[in-house]
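In what follows, a structure is listed as structure tokens, so that the remarks can point back to it.
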Amino acid sequence: MSNTDRLSDKLLNMKGEIEAAITAVCKDLFGIDVHVELTRPDEQFGDYATNVALQLAKQLGKNPREVVESLAEKVRTSLSDKMSETNIAGPGFINLKLSDAALIELSHAAPAKSLSGQEIVAEYSDANPFKVLHAGHVYTTVVGDAVANLLENAGGTVHRVNFGGDVGLHVGKTMWAIMQKLDGETPEKLAEVPEADRAMWMAQRYVEGERAYNDNETAKAEIIEANKHVYQLHAQGDKETPFAQIYWTCRRWSYEAFDAFFARLGTRLEKYYPESEAAQLGLKTVKEHIGSVFEESDGAVVFKAEKYGLHTRVFINQHGLPTYEAKDVGLIARKYEDYHFNRSIIITDNEQKQYMEVVLKAIEQFWPDLAHTTTHISHGKLKLLGGVKMSSRKGNIVRAKEVFEMTAHELKNANRASDDTVMLGAVKYAFLKTRIGGDIIYDPKESIALAGNSGPYLQYAHARARSILKKADTARHPEVDARSKAEIPKQVRNDEPFEPGERSLLRKISEYPEAVDKATRELMPHHICTYLYELAQTFNRFYEHNRVIGDPRQELRLRLVENYAAKLKAGLELLGIAAPDKM
RNA sequence: GCCCGCGUAGCUCAGUGGAUUAGAGCAUCUGUCUUCGGAACAGAGGGUCGGCGGUUCGAAUCCGUCCGCGGGCACCA
């Protein structure tokens, strides 16, 4: 453990120490063990507040006022080294105001390393080969990335993986349409598809296959055959037949498109699990538990989950092929073989929510540990302002690329640089600032706004703070490169009393680890967005009313600016958003 | 029909048991400043927190019920 880490661990415990001290006082005075959780009240009331007196009064059957008075008195003495004020307020709250020294300490604390030593698998994105990457993939990937970042930041070893359908009915549909287009099993004709058009070309085939499947009985039968053919090809390790050549070439095209997409988003996936690799294991596992967990019904193998308040789902269809359910059974085993995870996170759209409950309930019957350490997070759909509905089956979808294009277009309209740093900052922040779960409505225009709660606003706020620091430094060392001569002391001294504006800023800065811890605990990145925006607002207020450069308090204020900029940058990076020094 | 989820200002959203005035941003209106990158700051108007009933010292938050919207409910993923 490095010195910095040790320092952080000590500092981050301050809130815990205060809570423990209050718990001890309660025990001492009333003999009751209460759960003390400090909250952050309105600034006018203090830095922390607790309502334990109200909890105690209830348990003791006493008047809250009576309880709070004796309690506050004891808390005051017990915490005199950290608090400058301890007040009673309202129906029985105790408000605590940190001493300047304690506040300074807290402002250098780091988020908790609560997941140290944990192996964690985070599955997200779930892009499917043989289908197009659409706007929803951008959303789910951005959310997954942010959640994975949180877990990693808390000390976990995170393995980011994608699970995609390289086998299954959609592949049958696409393969069928490709062969229609190529006039048969003629892989050599694939060379005629220009490289740049490959993804779109395959997406069109999928739409044709989907339409034929629904409208034409003959085609439907052929597609079902094509689907089986794909499974056979995997079972036999076939790479040579014309059909197989088409399949492998097109699958490679898909993976190449994924690589480019993830690279652009800055996502570093460790592994693509193709369904073909999970299918056999899933099939085998499900078959082993027929009779005990699964049962046969109408020629299919199903799990009847009604006794658990859920519904029945098919794991093996009447053609003997594993459905998505069985593949998920195989996948969870593969993940465990590969990573021996302590915890597994799966992030998908809400429409998979009840599906996943059934699958996990089935898995719980034979691999309880794997089921119990798996958490499914589901999010809503991405919609565009104006309410465009998207379906890859019908082909009227917004492609992933188009999300980037429309955002870049807005930047150009506003006469601003439309490079990926700002464009992705806008997209990612807009996707992350609302709580995971509900549908989100994306307004490209709002996402790039420099006034308001947006990614570029925070990026700009950071650049502006860096610019102040650079300017101060250049003033001190006009003849040398400022970056190599940064001399602002990192720590504010413990004996420096603050002016109100300075203190407000420092108070907000000190909330950083609490915001990150909350986001990590709940796996909800939006808490970080809310915090960062409030932080930037607090800074603007401070900066409007307090001169930094040239003021007698310059050195102290520069250290505040530096700490503020560091928090902004760290927070943005947790969200997967770059924080450049200049814009 | 059954099962999940959601319903907070004109719009987009925080807040999910606590404190006078339910908070932001955008939009609307007013004011400040010959700017440390004003891409700012200060302020105003705008809300029966979907309706009704209940639990609680205290409910946007918990429970019940109704309404509205979205999703799921056997061989798609």
Side-chain angles (χ1 to χ4, degrees), chain A residues 39 41-42 44-45 49 51 54-55 57-58 63-64 89-93 95 126 128 131 163-165 168-173 210 213 227 275 297-306 309-325 327-328 348-355 357-358 378 380-381 383 385 392-393 414 416 430 433-435 437-443 445-446 449-454 456-457 459-461 463-468 471-472 475 526-527 529-530 533-534 537 540-551 554 557 561 582-583:
Chain A
T39 56
D42 213 74
Q44 58 179 307
F45 298 125
N51 66 352
L54 291 163
Q55 293 179 43
K58 194 171 220 167
N63 183 334
F93 295 92
N95 290 326
D126 291 348
N128 287 312
K131 275 178 149 180
F163 183 47
L169 197 56
H170 71 281
V171 182
K173 289 169 183 169
E210 171 69 24
Y213 185 86
N227 185 26
E275 283 184 13
S297 170
D298 289 341
V301 177
V302 304
F303 175 60
K304 294 198 168 167
E306 280 72 11
L310 304 168
H311 61 268
T312 296
R313 298 208 67 110
V314 173
F315 281 64
I316 302 175
N317 72 19
Q318 54 186 209
H319 304 289
L321 298 178
T323 58
Y324 193 50
E325 286 82 339
K327 293 169 189 167
D328 255 323
T348 73
D349 187 286
N350 283 334
E351 52 185 31
Q352 247 103 308
K353 190 175 180 192
Q354 288 169 289
Y355 155 84
E357 284 173 14
V358 176
S378 68
K381 291 211 184 320
K383 294 176 174 172
L385 194 70
S392 66
R393 294 188 180 201
R416 302 204 349 239
K433 74 175 176 179
T434 66
R435 171 174 277 276
D439 288 350
I440 83 147
I441 295 174
Y442 181 57
D443 179 354
K445 199 167 200 142
E446 189 186 285
L450 281 166
N453 191 359
S454 77
Y457 170 85
Q459 286 176 318
Y460 177 74
R464 192 171 159 214
R466 295 302 330 172
S467 157
I468 295 162
K471 180 175 172 179
H526 79 284
H527 289 304
C529 297
T530 306
Y533 187 61
E534 287 170 6
Q537 281 181 310
N540 281 336
R541 215 163 292 138
F542 161 79
Y543 195 59
E544 179 74 17
H545 303 292
N546 299 278
R547 185 145 195 104
V548 174
I549 293 174
D551 189 272
Q554 169 172 317
R557 288 182 179 172
V561 175
K582 279 187 198 168
M583 278 174 79

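All chains are named by letter (A, B, ...) in the order of the sequence lines, taking the proteins before the strands, and each is independently numbered beginning at 1. The basis for the numbers below is simple: all heavy atoms, side chains too, and nothing from hydrogens, waters or symmetry mates.
- Mapping A/Gly164 and A/Phe45 onto RNA chain B by nearest heavy atom places A/Phe45 at the nucleotide closer to the 5' end.
- In the set B/rG18, B/rA19, B/rA74, B/rG18 carries the atom at the smallest distance from any side-chain atom of A/Leu54.
- Side-chain N/O atoms of A/Thr434 and base N/O atoms of B/rA14 include no donor-acceptor pair closer than 3.5 Å.
- Under 3.5 Å, the side chain of A/Tyr460 and the base of B/rG37 form at least one donor-acceptor pair of N or O atoms.
- Look at OH on A/Tyr355: it is 13 Å from C1' on B/rA74, rounded to the nearest Å.
- In this structure, B/rC26 and B/rG10 make a Watson-Crick or G-U wobble pair, each of the two defining distances being under 3.5 angstrom.
- If you take CD of A/Glu306 and P of B/rA74, they are 10 Å apart, rounded to a whole angstrom.
- At a cut-off of 3.5 angstrom, the base of B/rG72 holds no donor-acceptor pair with the side chain of A/Gln352.
- A/Asp551 comes within 4.0 angstrom of no nucleic acid atom, judged by non-hydrogen atoms across all strands.
- A donor-acceptor contact under 3.5 Å links the side chain of A/Gln318 to the base of B/rC75.
- Aromatic pair A/Phe45/A/Phe93: centroids not less than 6.0 angstrom apart.
- Atom P of nucleotide B/rC76 and atom CD of A/Glu351 are separated by 16 Å, given to the nearest angstrom.
- Of the two residues contacting RNA chain B, namely A/Glu544 and A/Tyr533, the nearest-nucleotide position lying further toward the 5' end is that of A/Tyr533.
- Between the side chain of A/Tyr543 and the base of B/rC41, no donor-acceptor pair under 3.5 Å is found.
- Rounded to an integer number of Å, the gap from A/Phe303 CZ to B/rA74 P is 16 Å.
- B/rA19 has its base stacked against the ring of A/Phe93, the centroids being under 5.5 angstrom apart at an interplanar angle below 30°.
- Between the side chain of A/Asn540 and the base of B/rA39, no donor-acceptor pair of N or O atoms lies under 3.5 Å.
- In this structure, A/Arg313 reaches the B/rC73 phosphate: one of its side-chain N or O atoms is under 4.0 Å from OP1 or OP2.
- Side-chain to base pairing of A/Gln354 with B/rC73: no donor and acceptor N or O lie closer than 3.5 Å to each other.
- Taking the side chain of A/Asp439 as heavy atoms from C-beta on, and the options B/rG70, B/rA77, B/rC73, the nearest nucleotide is B/rG70.
- Following rounding to the nearest Å, A/Ile440 (CD1) and B/rU12 (P) show an atom-to-atom distance of 13 Å.
- The base of B/rG18 sits within donor-acceptor range of the side chain of A/Asn51, with an N or O pair under 3.5 Å.
- At whole-Å resolution of the value, CD1 in A/Ile441 and P in B/rG25 are 20 Å apart.
- In this model, the phosphate group of B/rA39 is not approached by any side-chain N or O of A/Arg464 to a distance below 4.0 Å at OP1 or OP2.
- Contact annotation: A/Arg547 side-chain N/O to B/rC36 OP1/OP2 distance is under 4.0 Å.
- Contact annotation: A/His545 does not reach the phosphate of B/rA40 (side-chain N/O to OP1 or OP2, under 4.0 Å).
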